[in-house]
Amino acid sequence: MRSFTGPILLGLFLVSGCSHTVLVTVPPRMELKGYGTLGVIEFSSNSGLGSARATQQLQEQIQSAQPGTRFIELGSRETVLAAVGRNQLDADAAKRIGRKYGVDALFLGEIAYSDPKTDVRVNDLAKLDAAVRTEVRGDISARLVETAGGASVWSNSGWVRRQIGRVNVSEYGVSGSITKSDPREEM
């Protein structure tokens, strides 16, 4: 009887010797260290919900990805603009904010929530097969503006939908659910 242990062990040794992990550093898409101190203006929102939390999460994500990034929290857009004698955020306002607060660039953003939308679907009226679903959509956008000239140097946006409630009707009965929390806070 022939032993296969030697060739198997040799094969495992060769395979394990050929595989190894190589860590490759990937630079960030936007290097923020060159900006020195960044100002962050609280995100604006059409409902007043989630703007402070979204602003805080932006800072956390940036500081996690690029440790040592320096932020000065400037407050709401209205407060910051009033402090520099402007009523809209244009290139001149960005320059004034930079001088007043000593920041090299500004992060700002907007959150827009839709009104609840209801979708009614009837599959088969004879079998009482239908559904009703209500949801809210949230859109978020953010950008980075240099204060030296007012140019936008980075922007990003995204959206999400959250269900508020649903009802299903079928020949077997009625079922439904409704969220207990405000879906805009979840977003």
Side-chain angles (χ1 to χ4, degrees), residues 21 24 26-32 38-67 69 71 73-82 86-91 93-94 97 105-146 150-187:
T21 302
V24 178
V26 178
R29 288 186 196 179
M30 185 73 197
E31 179 62 59
L32 298 174
L38 301 170
V40 62
I41 296 174
E42 187 174 302
F43 282 34
S44 61
S45 171
N46 64 345
S47 75
L49 294 173
S51 57
R53 184 173 175 201
T55 307
Q56 182 64 37
Q57 286 181 336
L58 172 76
Q59 282 183 255
E60 289 171 5
Q61 292 294 319
I62 289 170
Q63 288 175 325
S64 174
Q66 296 187 39
T69 303
F71 278 103
E73 295 178 21
L74 303 176
S76 72
R77 187 178 297 202
E78 295 78 20
T79 303
V80 173
L81 289 173
R86 304 292 291 172
N87 58 5
Q88 72 177 38
L89 190 61
D90 54 15
I97 293 167
L106 298 168
F107 271 106
L108 56 133
E110 295 86 27
I111 302 172
Y113 297 107
S114 71
D115 290 331
K117 304 264 192 247
T118 301
D119 179 39
V120 178
R121 182 177 43 94
V122 177
N123 295 325
D124 188 344
L125 195 55
K127 292 184 177 180
L128 294 174
D129 185 9
V132 176
R133 174 186 169 109
T134 302
E135 64 184 19
V136 172
R137 178 179 163 135
D139 292 272
I140 187 169
S141 63
R143 61 189 166 126
L144 178 66
V145 177
E146 289 181 325
S152 177
V153 294
W154 173 87
S155 65
N156 202 350
S157 63
W159 61 272
V160 66
R161 287 188 181 132
R162 289 290 184 260
Q163 181 175 294
I164 296 173
R166 67 169 181 77
V167 174
N168 292 326
V169 179
S170 72
E171 60 187 311
Y172 304 109
V174 177
S175 66
S177 67
I178 189 163
T179 58
K180 294 181 181 178
S181 62
D182 188 340
R184 292 173 286 206
E185 276 296 322
E186 281 180 25
M187 292 184 211

Q | Heavy-atom closest contact (Glu135 atom, Arg161 atom, distance) | A | OE2-CD, 2.9 Å
Q: Grab the two heavy atoms, one from Tyr113 and one from Gly138, that are nearest each other, plus how far apart they are.
A: CD2-CA, 4.0 Å
**Q.** Polar side-chain atom of Glu42 near backbone of Leu74 as donor-acceptor pair, under 3.5 Å
**A.** no
Q: Please report the shortest heavy-atom distance between Ala94 and Leu89, naming the atom on each side.
A: N-CD1, 4.4 Å
(Q) Does atom CD (Gln61) have a neighbourhood of more than 12 heavy atoms from anything else shown, all under 6.0 Å? (A) no
Q. Stepwise, does the side chain to side chain contact (heavy atoms under 4.5 Å, CB included) test hold for Ser177 with Gln163?
A. CA-CA 10 Å; Ser177 67; Gln163 181 175 294; 3.9 Å; yes
Q.
Nearest 0.5 Å, please: how far is CZ in Arg166 from OG1 in Thr118?
A. 14.5 Å
Q.
Nearest 0.5 angstrom please: Leu128 CG to Ser170 OG, how far?
A. 8.0 Å
Q) What closest approach, in Å, do Val136 and Ser114 show between heavy atoms, and which atom pair accounts for it? A) CG1-O, 3.6 Å
Q) Nearest 0.5 Å, what's the CZ-CD1 distance between Arg133 and Ile164? A) 10.0 Å
Q: Could you tell me whether the side chain of Ile178 reaches within less than 4.5 Å of the side chain of Thr134, counting heavy atoms only?
A: no
Q: Determine the interplanar angle of the Phe107 and Phe71 rings, folded into 0 to 90°, and report it as parallel if under 30°, tilted if 30 to 60°, perpendicular if over 60°.
A: tilted
Q: Check the pair Val167 / Val174 against side chain to side chain contact (heavy atoms under 4.5 Å, CB included), numbers first and verdict last.
A: CA-CA 7 Å; Val167 174; Val174 177; 4.0 Å; yes
(Q) Using 0.5 Å steps for rounding, measure from the CZ atom of Phe43 to the OG atom of Ser141. (A) 7.5 Å
Q) Are side-chain heavy atoms of Val80 and Ile97 found at a separation under 4.5 Å? A) yes
**Q.** Cationic tip of Arg137 above Trp159 ring, under 6.0 Å, 45° of axis
**A.** yes
Q. Going through the checks in order, is the side chain to side chain contact (heavy atoms under 4.5 Å, CB included) test met by Ile62 and Glu60?
A. CA-CA 6 Å; Ile62 289 170; Glu60 289 171 5; over 6 Å; no
(Q) Taking the side chain as everything from C-beta on, heavy atoms only, tell me whether Leu38 gets closer than 4.5 Å to Thr69. (A) yes
(Q) As a test of understanding, state which of Val120, Asp119, Val169 forms a side-chain contact (heavy atoms from CB on, under 4.5 Å) with Val132. (A) Val120
**Q.** Derivation of the side chain to side chain contact (heavy atoms under 4.5 Å, CB included) call for Ile140 and Glu110
**A.** CA-CA 6 Å; Ile140 187 169; Glu110 295 86 27; over 6 Å; no
Q: Can you see which heavy atom on Gln66 is nearest to which on Leu32, and at what distance?
A: OE1-N, 3.0 Å
Q: Grab the two heavy atoms, one from Arg77 and one from Leu108, that are nearest each other, plus how far apart they are.
A: NH2-CD1, 3.3 Å
Q: Check for a donor-acceptor pair, side chain of Thr55 on one end and backbone N or O of Ser51 on the other, with a separation under 3.5 Å.
A: yes
Q) Roughly how far, to the nearest 0.5 Å, is CG of Leu144 from CG of Leu106? A) 8.0 Å
